[in-house]
Amino acid sequence: MYRYDDFDRTLIAERVAEFRDQVARRLSGELTEEEFKLLRLMNGVYLQLHAYMLRVALPYGTLSSDQMRKLAHVARRYDRGYGHFTTRQNIQFNWIKLHELPDALAELAEAGIHAMQTSGNVVRNITTDQWAGVAPDEIEDPRIYAEILRQHSTLHPEFSFLPRKFKIAITAAAHDRAAVKVHDIGLRLHRNAAGETGFEVIVGGGLGRTPFIGKSIKPFLPARDFLSYIEAILRVYNQYGRRDNIYKARIKILVHELGAEKFAQEVEAEWVAIRDGQLALDQAVFADIAARFSYPNYLTLPDNPPELAAARKNKRFGAWLGNSVANHKVPGYAIVTISLKPVGAPPGDATADQMDAIAVLADRYSFGEIRVGHEQNLVLPHVAQRDLPELWRALDAAGLATPNIGLVSDIIACPGLDYCSLANTRSIPVAQELTRRFSDHEQARELGRLHINISGCINACGHHHVGHIGILGVEKNGEEFYQITLGGQADENAALGTLLGPAVPYAQVADTVEDVVKAYLELRERPDEIFLDTVKRVGIEPFKERVHAAE
Amino acid sequence: MTAPSQQKLKVKGPVVVTANRVVDGAVVYWTADREWSTDLANAAVVSTAPEAEALLAGARADGLHAVDCYVAPVARDQAGRTQPGNLRERIRFAGPTIDLLVTFGI
């Protein structure tokens, strides 16, 4: 956990007071909507189909049990008893009333939670690996860098009016769980031949209507230079990024139009001028921020304790253990992913009661710490292996032990037309129907890793381009249709999916996905060849033939 | 998609003017009495572009109580009641098409 100091607490409190005044002036008519919109969009407040939506940042996906309880309280008191965890380590409340917003934000501020960097044309919530600090394949804890960047970019005057929003993600592990290649800037911490740590810098990735995989412009940036180099990228973007056309305003378009090489030259020229200035990372500052991340006092425990062996006899527990529990860097501990994808429920939603239950379990079994990942699930990052059977029973009782992590029913979906004012089509009911079709978790395990991502419009909040199966809703003559793509992926081998064929109507989406899955079972060479590898090996054509034959 | 309030006005049948209420974002409709109502049944319904433009201008003049005004299609059901004219408007009128995890009165 990162502990805020007085400076942070004052900043958040002042921000709430400022917004309270702005809301009061809007309600009295002193501010027009045009004036107010800019201000609310700097405080995470959107206007959706039925209500205002408040997006709250959970920086680098880490939150305490007390913060989770506060989210539950806000869901109950100011919303309708639930919240939606997003693909960028935020939570959204869908039914917030404008006149109650300042009170809701003030309550969140008491727990050190805020809505800065969740909207507007600024550096957005900096995301990272939900297993940061506990993953065995990690070099360093990436959250220290994320926190430094958060502090530097929050309310940064030079970057408060960028051409468009700006998303940064950091990974420090061999396997990228933070989707860094589809961010405006992706940072991958690694070691060079001399054993020093530094970042590969990837720019210009992104989804939306013009998807791009990011381009690597710096294979090894010494860690001391990471702040100055990002500043240089932001300056080049701020200067050359387009402000005349919202659809061409993201940095990915600039990188694409200039070319990665030319863009990198511009960045280098800017960087040379500032790299040895005040942005060079001071070791003392780094150490101070690192020291404010507290780590649990782990006990000395053996791996595979007898409690676990005994509990494995329970088939349901065994299935959950095999699916939702990952290795921890500390012996005797485990990382537990809590599925927010139960059969038939909206992906990423949690009720206030579930949030409270998770907070209690985090206190009891995970040193009071919780994470949220970009795949819209939660994580208890420090669970003693001997506690896993008890934890599972408690999670199961709360409907939070669905053993489908990374499987076909672990669907990423945007809120879609059920909530979103930008959507053309619905996403959630499509996801719900698919989870019902694939509700047999044992069969899903036999299918292996398979990610379905669903977006209700071209803005791609459901990351459909990088789903192993991607589903994009499009409107045709007032009817909902869905384009299906195969072969996308969001990790270190990020790739965009290929279109399967013409869009299918709403009622046929689940059938078509089932046909795709049947085709995969026919086409895979071995039971352990995952869907994505089959698509890569055989290409899209054999899938097209089989799916169209099934129609 | 482009927000309806930003789209070019097209009138191909009965339409109303709708918006979101400033205080809580609730969906509201502009009435013949030149005020906002949460009930579509109270909405002023017109069928030509000039009428729709006039209705919209009246509604937009009230910048205090509602925002993002636009012209939305409606239909008449067999009983003559005004109903939303497309899926987006049905969802705005009736709420999400999914069962909410926790239900409180709207």
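Here is how names work: the chains are called A, B, and so on, in the same order as the sequence lines, proteins then strands, and each is numbered from 1.
Only the side chain of B:Asn20 comes within contact range of chain A, with at least one heavy atom under 4.5 Å from a heavy atom of that chain. For a residue to count as touching a neighbouring chain, one of its non-hydrogen atoms must lie under 4.5 Å from one of that chain's; by this rule A:Gln48 touches chain B with the backbone only. Of the atoms belonging to A:Glu479, not a single heavy atom falls under 4.5 Å from chain B. For A:Ile96, the part sitting under 4.5 Å from any heavy atom of chain B is the backbone (N, CA, C, O) and nothing else. Looking at A:Leu47, only its side chain comes within 4.5 Å of chain B, counting heavy atoms on both sides. Neither the backbone nor the side chain of A:Thr425 comes within contact range of chain B; no heavy atom of the residue lies under 4.5 Å from a heavy atom of that chain. Both the backbone and the side chain of A:Tyr52 come within less than 4.5 Å of a heavy atom in chain B.
Environment of CD1 in A:Ile246: sparse, with no more than 12 heavy atoms of neighbouring residues, nucleotides or ligands closer than 6.0 Å.
Chain A forms more heavy-atom pairs under 4.5 Å with one residue of B:Leu64, B:Asp68, B:Val22 than with any other, namely B:Val22. In terms of heavy-atom pairs under 4.5 angstrom with chain B, the leader among A:Leu101, A:Leu27, A:Asp353 is A:Leu27.
Put simply, the side chain of A:His50 reaches to within 4.5 Å of the side chain of B:Ile91, judged on heavy atoms. Residues A:Arg26 and B:Val67 form a side-chain contact, since some pair of their non-hydrogen atoms from C-beta on lies under 4.5 Å apart. Side chains of B:Leu87 and A:Leu417 form a contact here, defined as non-hydrogen atoms less than 4.5 Å apart. B:Asp24 is not listed as a side-chain neighbour of A:Glu100, based on a closest heavy-atom distance of 4.5 Å or more. Residues B:Val23 and A:Leu98 fail the side-chain proximity criterion, which asks for heavy atoms closer than 4.5 Å.
A donor-acceptor distance shorter than 3.5 angstrom exists from the side chain of B:Arg88 to the backbone of A:Ser421, with no hydrogens or angles considered.
Heavy-atom neighbours of chain A within the stretch residues 30-49 of chain B, taken at a separation under 4.5 angstrom, are nonexistent.
Closest approach of B:Ile98 to A:Pro429, counting heavy atoms only: CG2-CG, 3.8 Å.
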